[in-house]
*Asks:* 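Here you go, one structure.
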Amino acid sequence: DQQVKQNSPSLSVQEGRISILNCDYTNSMFDYFLWYKKYPAEGPTFLISISSIKDKNEDGRFTVFLNKSAKHLSLHIVPSQPGDSAVYFCAASAKGSTLGRLYFGRGTQLTVWP
Amino acid sequence: DVKVTQSSRYLVKRTGEKVFLECVQDMDHENMFWYRQDPGLGLRLIYFSYDVKMKEKGDIPEGYSVSREKKERFSLILESASTNQTSMYLCASSLIHNTEAFFGQGTRLTVV
């Protein structure tokens with residue numbers, strides 16, 4: 001049973017516009033959330049994270065929003081660039097769980113076209 | 001910079017072979033993980049380890065075993081490779097809870 005869900009397998013956005021990637025979770029014990037970016041034939045790279053004590057975290061063009069009551073988070077990329085085209089994975093970890101285990105969603109393929 | 005290194009980028013093995021995938025990290029991380037990535041299925045956890053000689057099953061441990069004899073090294077073993085184990089294998093390491101995991105470059109394993 002997937003505890004972290006990314007319901008959109010793909011997203012296509014024009015260069016310069018905003019990309020919004022969504023993620024839902026079911027486990028109320030999750031207290032730390034992360035986004036990873038993955039290019040083909042490479043390992044995922046960490047992008048941005050947010051603790052459950054916050055509702056927003058920003059890093060340059062990337063902002064993550066957390067809505068705990070809805071068990072929903074989103075990643076905003078503004079402005080989108082062609083180099084952002086990759087698979088984005090949402091991940092979460094739970095307080096009190098076996099140390100450091102991350103639960104991943106199935107990913108969203110973002111395509112940014114010129 | 002944290003570095004997680006997987007021993008091979010690409011491997012081709014025959015059905016029934018015993019396969020070893022090696023992973024080394026250089027940041028003294030307690031936790032190490034093995035995932036596999038398949039299209040449409042995301043990253044699925046095979047095994048993880050939070051200390052030397054300690055291991056925990058993930059979501060899909062069947063057909064795999066692991067070894068962690070030293071803190072920096074975590075090996076994934078396919079006891080008898082099968083074609084359904086053809087996949088991208090990803091090793092990761094992390095400190096304790098609430099920190100990001102760092103991934104290796106991945107090993108694309110093909111079992112024929």
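Below, chain A is the first sequence line, B the second, and so on; all start at residue 1.
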*Asks:* Just by distance, do the side chain of B:Ser49 and the backbone of B:Asp51 share a donor-acceptor pair under 3.5 Å?
*Replies:*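 A pair under 3.5 Å: yes.
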*Asks:* Using non-hydrogen atoms only, which part of B:Leu90 is less than 4.5 Å away from chain A: side chain, backbone, both, or neither?
*Replies:*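 It is the side chain, since no backbone atom gets that close.
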*Asks:* Can you tell me which portion of A:Leu102 sits under 4.5 Å from chain B's heavy atoms? Options are side chain, backbone, both or neither.
*Replies:*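 Its backbone and side chain both get close to chain B.
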*Asks:* Report, by ascending residue number, the residues of residues 80-87 of chain A in heavy-atom contact with chain B at a distance under 4.5 Å; give 'none' if the set is empty.
*Replies:*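 Interface residues of residues 80-87 of chain A: none, nothing closer than 4.5 Å to chain B.
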*Asks:* Checking the side chain of B:Thr15 only, and the main-chain atoms of B:Val112 only, is there a donor and an acceptor separated by less than 3.5 Å?
*Replies:*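 Here the side-chain-to-backbone pair exists.
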*Asks:* Which word best sums up how the rings of B:Phe103 and A:Tyr36 line up, parallel for under 30°, tilted for 30 to 60°, or perpendicular for over 60°?
*Replies:*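 Ring orientation of B:Phe103 relative to A:Tyr36: perpendicular.
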*Asks:* If contact means a heavy atom pair closer than 4.5 Å, which residues of residues 77-85 of chain B contact chain A?
*Replies:*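 Near chain A, by residue number: none.
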*Asks:* Please look at A:Ala41 and chain B and tell me whether the side chain, the backbone, both or neither of the residue comes under 4.5 angstrom of a heavy atom of that chain.
*Replies:*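 Interface part for A:Ala41: both.
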*Asks:* Measure distances from B:Gln6 to the heavy atoms of chain A and classify the residue's part below 4.5 Å as side chain, backbone, both or neither.
*Replies:*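 Contact with chain A is absent: no heavy atom of B:Gln6 under 4.5 Å.
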*Asks:* Look at the aromatic rings of A:Phe104 and B:Tyr35 and report parallel, tilted or perpendicular, splitting at 30° and 60°.
*Replies:*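 It falls in the perpendicular class, over 60°.
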*Asks:* Main chain of B:Ser75, side chain of B:Ser67: is a donor-acceptor contact present, judged purely on distance under 3.5 Å?
*Replies:*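 Looks like no, no N/O pair under 3.5 Å.
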*Asks:* When clusters are formed by joining ILVMFWY residues with side-chain heavy atoms under 4.5 Å apart, either directly or through shared neighbours, do A:Leu110 and A:Ile48 land in the same one?
*Replies:*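 Yes.
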*Asks:* Apply side-chain hydrogen bond (donor to acceptor under 3.5 Å, both in side chains) to residues A:Thr26 and A:Asp24 and explain how you reach the verdict.
*Replies:* CA-CA 7 Å; A:Thr26 58; A:Asp24 298 294; over 6 Å; no
*Asks:* Side chain from CB out, backbone as N, CA, C, O: work out which of these in A:Pro44 comes under 4.5 Å of a heavy atom of chain B, or both, or neither.
*Replies:*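 Both backbone and side chain.
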*Asks:* Say whether A:Val78 and A:Ile50 are linked into one hydrophobic cluster, either directly or through other cluster members, by side-chain heavy-atom distances under 4.5 angstrom.
*Replies:*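 No, A:Val78 and A:Ile50 fall in different hydrophobic clusters.
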*Asks:* Tell me which one of B:Tyr89, B:Trp34, B:Tyr47 satisfies side-chain hydrogen bond (donor to acceptor under 3.5 Å, both in side chains) with B:Tyr64.
*Replies:*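 Only match with B:Tyr64 under side-chain hydrogen bond (donor to acceptor under 3.5 Å, both in side chains): B:Tyr89.
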*Asks:* Please look at B:Arg44 and chain A and tell me whether the side chain, the backbone, both or neither of the residue comes under 4.5 angstrom of a heavy atom of that chain.
*Replies:*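 For B:Arg44, there is no contact with chain A at all, as no heavy atom is under 4.5 Å.
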*Asks:* Kindly write out the residues that satisfy salt bridge (charged side-chain N to carboxylate O under 4.0 Å, His left out) with B:Glu69, not counting sequence neighbours, or none if the list is empty.
*Replies:*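 Checked B:Glu69 against salt bridge (charged side-chain N to carboxylate O under 4.0 Å, His left out); matches are B:Lys53.
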*Asks:* For the candidates B:Ala92, B:Gly104, B:Ala101, B:Gly106, which exhibits the highest count of non-hydrogen atom pairs separated by less than 4.5 Å from chain A?
*Replies:*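 Result: the option with the highest number of such pairs is B:Ala101.
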*Asks:* Apply salt bridge (charged side-chain N to carboxylate O under 4.0 Å, His left out) to B:Lys71 and list each qualifying residue two or more places apart in sequence or on a separate chain.
*Replies:*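 Checked B:Lys71 against salt bridge (charged side-chain N to carboxylate O under 4.0 Å, His left out); matches are B:Asp28, B:Glu30.
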*Asks:* Any side-chain heavy atom of A:Tyr88 sitting closer than 4.5 Å to one from A:Leu47?
*Replies:*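 Yes, side chains in contact.
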*Asks:* For each of B:Gly40, B:Cys91, B:Pro39, tally heavy-atom pairs with chain A at distances under 4.5 Å, and name the one with the top tally.
*Replies:*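 Top option by heavy-atom pairs under 4.5 Å: B:Gly40.
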*Asks:* Taking atom CZ of A:Arg17 as the centre, report whether more than 12 heavy atoms of other residues, nucleotides or ligands fall under 6.0 Å from it.
*Replies:*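 Atom CZ in A:Arg17 is not crowded, with 12 or fewer foreign heavy atoms closer than 6.0 Å.
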